[in-house]
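Here the structure is laid out as structure tokens; the discussion comes afterwards.
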Number of protein chains: 2
Amino acid sequence: MKRGLSQTCYVFFSVISNPTRLAILENLLRGPMNVSQLTELLKQRQSMISHNLRPLLRCGFIKVERRGKERFYSLNGETVEHLFRVVENHSQKYCPTMGVCPSKEEKRR
Amino acid sequence: MKRGLSQTCYVFFSVISNPTRLAILENLLRGPMNVSQLTELLKQRQSMISHNLRPLLRCGFIKVERRGKERFYSLNGETVEHLFRVVENHSQKYCPTMGVCPSKEEKRR
DNA sequence: TAAATATATGAAAAATTATTCATATCATGA
DNA sequence: TCATGATATGAATAATTTTTCATATATTTA
């Protein structure tokens, strides 16, 4: 069953448009990590990390390798680097306040 | 106020991880369009189109030009093309069923 | 200026997604 | 094999986001 471009994109982007999952990806940029390390780094519950690893894995952003009882997760391919680069370029060029969008900002106050 | 990479990415990706907004972007790939045209093409309410145009505008994915009572929206820069290309590459390479992720698929049945 | 058309907006309701808790699984070493 | 440590998972709740409806605003033309 083939799917249109924007539908494929939706599956794809909905997986990465989440602060926890993005933080996981950002941390994995530095190298493979197991669940406990991610849990500690992101200061979140372990179950939350696991729940968030799953969609990343399912859509091929990361891969996993077992070592004993631990599981090491690492980035799969260059997709994440490419994406982050596109975002950085875009935000530098078009977003007046470096990715801080006005209305989100108001919300925060 | 500077913000970390993954936070910038979150603002950015949360804007495009929506089927309506992606469909708008996909259609604008072919050229500028006004709200009525988008409304008809996407078969959605006009208010929904307007509501969804706003975040796209706010984050610089699109720009707008007034002509009489109409407003023509068009893509801003190459960000969208770049993003779509990254997704296509990724899904061809890593997603077994061309962007159709197993668990989303199950959900649909 | 009144009517008509195009678009935007606020607020409520509906839908989706994230988070937590409790517990299950699974591999290891005593 | 039992205890331990690491990770995963299901289900309930909480939080966020989308969608709709009603209506406002703005521009043009009669």
Side-chain angles (χ1 to χ4, degrees), chain A residues 6-7 9-25 27-28 32-59 62-74 101-108, chain B residues 6-7 9-25 27-28 32-59 62-74 101-108:
Chain A
S6 72
Q7 280 173 69
C9 286
Y10 176 56
V11 172
F12 186 98
F13 289 129
S14 59
V15 170
I16 52 179
S17 75
N18 170 291
T20 304
R21 295 197 284 274
L22 283 167
I24 289 174
L25 293 176
N27 278 287
L28 293 182
M33 276 186 200
N34 67 26
V35 178
S36 309
Q37 292 174 303
L38 286 167
T39 300
E40 189 162 350
L41 261 168
L42 305 194
K43 294 180 195 348
Q44 305 273 265
R45 322 248 155 191
Q46 177 269 313
S47 69
M48 186 171 161
I49 300 297
S50 284
H51 276 307
N52 279 293
L53 283 165
R54 199 160 56 164
L56 290 172
L57 195 61
R58 189 184 68 212
C59 281
I62 59 180
K63 51 185 190 293
V64 64
E65 193 195 335
R66 295 166 93 122
R67 270 186 247 162
K69 21 188 173 184
E70 296 160 55
R71 299 199 184 182
F72 283 81
Y73 286 89
S74 55
C101 291
S103 73
K104 288 264 174 178
E105 200 51 14
E106 281 157 28
K107 225 177 179 178
R108 190 161 300 112
Chain B
S6 73
Q7 280 173 68
C9 286
Y10 175 57
V11 172
F12 185 100
F13 289 129
S14 59
V15 170
I16 52 179
S17 74
N18 169 290
T20 304
R21 295 196 284 275
L22 282 167
I24 289 173
L25 293 176
N27 279 287
L28 293 183
M33 277 187 198
N34 66 27
V35 178
S36 309
Q37 292 173 304
L38 286 168
T39 299
E40 189 162 349
L41 261 169
L42 305 194
K43 294 180 196 349
Q44 305 274 269
R45 323 248 155 191
Q46 176 268 314
S47 69
M48 186 170 162
I49 300 297
S50 284
H51 275 308
N52 279 293
L53 283 165
R54 198 159 57 162
L56 290 172
L57 195 61
R58 188 184 68 211
C59 281
I62 59 179
K63 50 187 190 292
V64 63
E65 193 195 336
R66 295 165 93 123
R67 270 186 245 163
K69 21 186 174 185
E70 296 160 56
R71 298 198 185 184
F72 282 81
Y73 286 89
S74 56
C101 290
S103 74
K104 287 263 172 177
E105 199 53 12
E106 281 157 27
K107 226 177 177 176
R108 189 163 299 115

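A note on names: the letters A, B, ... follow the listed sequences, proteins ahead of strands, and every chain is numbered from 1.
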Next item on the list: Measure the distance from CD on B:Gln37 to P on C:dT5 and round it to the nearest whole Å.
Entry: 17 Å
Considering only nitrogen or oxygen atoms on both sides, find all protein atoms under 3.5 Å from nucleotides 24-30 of chain C and state each distance.
{"unit_1": "C:dA27", "atom_1": "OP1", "unit_2": "A:Arg66", "atom_2": "NH2", "d": "3.4"}

Item checked: Whole-Å gap separating P (D:dA8) and CG (A:Asn34) -> 10 Å
Item checked: Set of residues satisfying ring pair (Phe, Tyr, Trp, His ring centres under 6.0 Å) with respect to B:Phe13, sequence neighbours excluded -> A:Phe13
Next item on the list: Please identify each residue that fulfils side-chain hydrogen bond (donor to acceptor under 3.5 Å, both in side chains) with B:Thr20, with sequence neighbours left out.
Entry: none
Check: Between B:Tyr73 and B:Ile62, which heavy-atom pair has the shortest distance, and what is it?
Finding: CD2-CD1, 3.6 Å
Next item on the list: Figure out the CD/P separation between B:Gln44 and C:dA8, and round it to whole Å.
Entry: 16 Å
Checklist line | Distance below 4.0 Å between B:Arg45 side-chain N/O and D:dT19 OP1 or OP2 | finding: no
Margin query: By nearest atom, which of the nucleotides D:dA8, C:dT19, C:dT7 is closest to the A:Met48 side chain?
Written below: C:dT19
Check: Considering all heavy atoms of both residues, which atom of A:Arg58 and which atom of A:Val15 are nearest to each other, and what is their separation?
Finding: NH2-CG2, 4.1 Å
Check: Quick one: B:Leu42 CG to D:dT18 P, roughly how many Å, whole number?
Finding: 15 Å
Next item on the list: Would you please name every residue forming a side-chain contact (heavy atoms from CB on, under 4.5 Å) with A:Glu40, sequence neighbours left out?
Entry: none
Check: Which of residues 18-25 of chain A sit near DNA chain D, with a heavy atom under 4.0 Å from it?
Finding: none
Report all interatomic pairs (protein N or O, nucleotide N or O of nucleotides 10-14 of chain D) with separations under 3.5 Å.
{"unit_1": "D:dG10", "atom_1": "O6", "unit_2": "A:His51", "atom_2": "NE2", "d": "2.7"}

Check: Between A:Leu22 and B:Cys9, which heavy-atom pair has the shortest distance, and what is it?
Finding: CD1-C, 3.8 Å
Margin query: If I take atom CG in residue B:Leu53 and atom P in nucleotide D:dT18, what distance separates them, rounded to the nearest angstrom?
Written below: 14 Å
Notebook entry, point to check: Got a donor-acceptor pair under 3.5 Å from the side chain of A:Gln46 to the base of D:dA6?
Noted result: no
Item checked: side-chain hydrogen bond (donor to acceptor under 3.5 Å, both in side chains) involving B:Ser17 - partner list, sequence neighbours excluded -> A:Ser17
Notebook entry, point to check: OP1 or OP2 of D:dA8 sitting under 4.0 Å from any side-chain N/O of A:Tyr73?
Noted result: yes
Margin query: Could you measure the distance from the CG atom of A:Leu38 to the CD atom of A:Gln44? Nearest 0.5 Å is fine.
Written below: 11.0 Å
Would you be so kind as to tabulate the donor-acceptor pairs closer than 3.5 Å made by side chains of residues 47-56 of chain A, with sequence neighbours excluded?
{"unit_1": "A:Ser50", "atom_1": "OG", "unit_2": "A:Gln46", "atom_2": "NE2", "d": "3.0"}
{"unit_1": "A:Asn52", "atom_1": "OD1", "unit_2": "A:Arg21", "atom_2": "NH1", "d": "2.7"}
{"unit_1": "A:Asn52", "atom_1": "ND2", "unit_2": "A:Met48", "atom_2": "O", "d": "3.0"}

Check: SG/B:Cys59 to CD1/B:Ile16 distance, rounded to the nearest 0.5 angstrom?
Finding: 9.5 Å
Next item on the list: Using the test side-chain contact (heavy atoms from CB on, under 4.5 Å), find all partners of B:Glu70 that sit at least two apart in sequence or belong to another chain.
Entry: B:Asn34, B:Phe72
Margin query: From C-beta outward on A:Val35, which listed nucleotide comes closest to its side chain: D:dA8, C:dA8, D:dT19?
Written below: D:dA8
Notebook entry, point to check: Sequence neighbours excluded, which residues qualify as side-chain contact (heavy atoms from CB on, under 4.5 Å) partners of B:Lys63?
Noted result: B:Ser74, B:Asn76
Next item on the list: Can you tell me the distance, in whole Å, between the CZ atom of B:Phe72 and the P atom of D:dT27?
Entry: 16 Å
Next item on the list: Rounded to the nearest angstrom, tell me the gap between atom CD in A:Glu40 and atom P in D:dG5.
Entry: 16 Å
Item checked: Length of the CG-P vector between A:Leu56 and C:dA18, whole Å -> 11 Å
